[in-house]
Amino acid sequence: MKETTYDKISGGHVLIIILGITVLAFLMLASVAGAVPFAYITNYDDNTTSVIDIATNTVTSTVPVGIRPCGVAVSPDGTKVYVANDDSNNISVIDATTSTVTSTVPVGHAPYGVAVSPDGTKVYVANQNDSSVSVINTTTSTVIASVPVDYSPSGVVVSPDGTKVYVANYGSNTTSVIDTSNYSITFTVPVGIAPYGVAVSPDGTKVYVANYGSNTTSVIDTATNNVIASVPVGWSPVGVTIAPDGTKVYVANLGSSNVSIIDTATNTVTDSVNVGIAPCGVAVTPDGSKLYVTNAGDNTTSVIDTITNNVTVTVAVGKTPITLGQFIGGPVTASNTSRDTETDCKGIEDYVPDYAGGAVIHIKNRVGNDIVVSWAKEGSQKAVFQVNIPAGQTRTVTAPSGSYEEYIRAGCSWYIVTDGHIVVESGYEYSLEYYTVVDNNTIVYDGTGFKQIPDSQAPKI
């Protein structure tokens with residue numbers, strides 16, 4: 001949706017006129033086929049899983065699961081979600097389409113961490129109280145093996161090629177390496193004190209273990225199964241995840257209520273981001289643009305822009321969201337047969353001339369994705385200005401008096417405002433906000449507000 005506010009400064013008075021609201025129908029969904037990823041947040045103290053639509057950062061449903069859910073993993077195709085229920089000793093299998101539990105699989109005692117194999121055929125569950133890993137066949141929803149590991153396993157992750165499983169053993173300060181061909185332990189790697197979360201790099205060469213008791217993250221070389229670095233992070237680190245390009249590691253520090261960002265080239269912390277109280281779970285979106293952090297102490301999920309390292313949104317969820325594991329899932333596949341994918345996803349440079357004495361325009365992006373806003377003279381495609389606006393940020397430009405066509409690019413698609421031209425006048429100050437609206441958990445579309453156009457009709461510099 002778009003909201004426009006005009007402030008005319010004259011004689012020391014400010015006149016504010018709200019012009020109204022039009023529905024913004026473009027989003028990323030307009031140029032994406034398949035499932036848009038969702039974040040599945042396990043709420044430990046109310047026995048539910050909150051489902052967040054990451055396009056709008058709204059909770060679209062709340063799914064009752066087992067008792068004290070903590071770990072979660074999403075199948076590679078995004079169709080199923082596996083939730084580890086600590087106190088009911090089972091795994092809830094959620095149908096991602098209907099947001100309902102379709103089956104329940106008994107596993108070991110106090111299941112905590114859970115991970116899915118890259119081919120989606122197996123689920124691995126770390127059972128804290130009997131020091132084992134249950135292996136579930138996803139076709140039959142039955143346990144086909146139980147692998148003994150060290151004391152009190154918590155986090156678990158599968159290598160990108162599916163041949164190894166890494167298990168962080170909280171009670172023994174080790175990480176177990178399981179060979180998935182025969183479900184045997186091939187190595188036990190000493191790490192820091194009380195290892196909790198674990199993640200593997202996209203190329204499978206490194207494993208990162210968050211050590212709750214020593215305030216460090218261990219870096220394991222998977223070729224040698226040796227710790228090659230121990231990176232100091234915040235207090236009591238719990239969750240850990242890696243950017244899709246492998247350049248950054250994000251660690252949720254429960255004790256210091258922040259997220260440490262590790263440069264994987266240097267194994268040093270380059271930044272830290274304050275979030276909610278007692279962050280536990282952390283996961284990155286498939287495109288790497290956003291990081292979701294579950295805050296067990298204040299029942300929220302923080303959304304971090306990975307470019308600016310700022311929290312852009314805070315989403316209220318259920319009680320005590322712990323959410324250990326990769327809880328964002330579902331592929332995003334670009335699909336638009338009417339457009340040239342070689343050209344339509346190119347970056348667009350800013351064109352922001354300084355019109356001295358012109359109208360001042362503040363443009364705020366609350367869509368949840370980066371956008372480009374461009375204005376062109378009415379009846380012409382020549383842009384007066386064109387500006388990139390990252391999600392959650394505001395850009396200010398100036399423009400001369402006149403009547404303009406208004407264009408938006410979201411994702412790889414251009415749109416034009418179809419409900420009238422915008423007229424600006426020197427001496428006025430304009431505030432525009434673009435944002436999304438969800439009505440009864442459904443994104444609202446209005447073809448009369450914004451219409452998708454081909455690149456040939458987009459504004460030109």
Side-chain angles (χ1 to χ4, degrees), residues 66 70-77 80-86 88-93 103-191 195-209 218 220-227 240 324-326 329:
C70 44
V72 66
V74 185
S75 65
D77 63 4
K80 294 180 180 179
V81 182
Y82 299 90
V83 175
N85 301 304
D86 187 25
S88 53
N89 303 326
N90 57 27
I91 299 294
S92 296
V93 183
S103 62
T104 302
V105 185
V107 288
H109 293 286
Y112 215 78
V114 58
V116 187
S117 63
D119 62 4
T121 63
K122 304 291 188 299
V123 170
Y124 298 89
V125 183
N127 305 301
Q128 281 197 332
N129 285 0
D130 59 12
S131 300
S132 69
V133 171
S134 298
V135 184
I136 299 172
N137 181 311
T138 59
T139 301
T140 61
S141 291
T142 57
V143 173
I144 58 173
S146 180
V147 185
V149 291
D150 275 358
Y151 181 65
S152 194
S154 54
V156 59
V157 70
V158 188
S159 64
D161 63 5
T163 62
K164 297 176 183 177
V165 173
Y166 297 89
V167 186
N169 302 305
Y170 181 86
S172 56
N173 306 332
T174 61
T175 294
S176 297
V177 184
I178 300 174
D179 182 335
T180 60
S181 66
N182 56 18
Y183 304 127
S184 64
I185 302 293
T186 57
F187 292 94
T188 300
V189 185
V191 288
Y196 212 101
V198 61
V200 62
S201 63
D203 63 5
T205 62
K206 302 290 187 296
V207 167
Y208 297 83
V209 183
S218 297
I220 300 173
D221 183 327
T222 60
T224 63
N225 290 308
N226 290 323
V227 173
V240 59
L324 191 67
Q326 179 56 37

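Hydrogens, waters and symmetry mates are skipped; everything else that's a heavy atom, side chains included, is used. Since this is a predicted model, take the numbers as computed values, not measurements.
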Atom pair CG (N173) and OG (S152), whose distance is rounded to the nearest 0.5 Å: 10.5 Å
Nearest atoms (heavy-atom pairs only) where S141 meets S103: OG-OG, 3.8 Å
Partners meeting side chain to side chain donor-acceptor pair (under 3.5 Å) with D86 (sequence neighbours left out): Y44
Distance in Å, K122 NZ paired with I144 CD1, rounded so as to fall on 0.5 Å steps: 4.5 Å
pair N89-P111: side-chain heavy atoms closer than 4.5 Å: yes
Set of side chain to side chain contact (heavy atoms under 4.5 Å, CB included) partners for S146, sequence neighbours left out: S132
Shortest non-hydrogen separation from V158 to V116 and the atoms involved: CG2-O, 3.8 Å
CA sep, side-chain torsions, deciding dist, call: N90, V105, side-chain contact (heavy atoms from CB on, under 4.5 Å): CA-CA 5 Å; N90 57 27; V105 185; 5.9 Å; no
Results of side chain to side chain donor-acceptor pair (under 3.5 Å) for T205 - residues two or more places apart only: D203
Non-hydrogen side-chain atoms of V143 and P106 separated by less than 4.5 Å: no
T222 (side chain) donor-acceptor with G204 (main chain) under 3.5 angstrom: yes
Which residues share a side chain to side chain contact (heavy atoms under 4.5 Å, CB included) with T224, sequence neighbours left out: D221, N226
Identified side-chain contact (heavy atoms from CB on, under 4.5 Å) partner of S176 from the options N169, V147, V156: N169
Side chain to side chain donor-acceptor pair (under 3.5 Å) partners for D179, two or more places apart: S181
Residue pairs involving residues 154-177 (criterion ring-ring contact (aromatic ring centres under 6.0 Å, His included); sequence neighbours excluded): Y170-Y196
Intermediate values then yes/no, side-chain contact (heavy atoms from CB on, under 4.5 Å), V189 and V227: CA-CA 8 Å; V189 185; V227 173; 4.0 Å; yes
N137 side chain to T142 side chain, donor-acceptor N/O pair below 3.5 angstrom: no
Heavy-atom closest contact (S117 atom, P76 atom, distance): O-CG, 3.5 Å
Partner residues of S134 under the side chain to side chain donor-acceptor pair (under 3.5 Å) criterion, sequence neighbours left out: N127
Exercise: identify the closest heavy-atom pair between G66 and S92: N-OG, 3.6 Å
P153 to Q128 - nearest heavy-atom pair and separation: O-CG, 2.8 Å
Side chains of T138 and V93 in contact at under 4.5 Å (non-hydrogen atoms): no
Min side-chain heavy-atom separation S131-P148 under 4.5 Å: no
Stepwise side-chain contact (heavy atoms from CB on, under 4.5 Å) test for V240 and V209: CA-CA 7 Å; V240 59; V209 183; over 6 Å; no
Distance in Å, I220 CD1 paired with T175 OG1, rounded so as to fall on 0.5 Å steps: 4.5 Å
Heavy-atom closest contact (Y112 atom, C70 atom, distance): CD1-SG, 3.4 Å
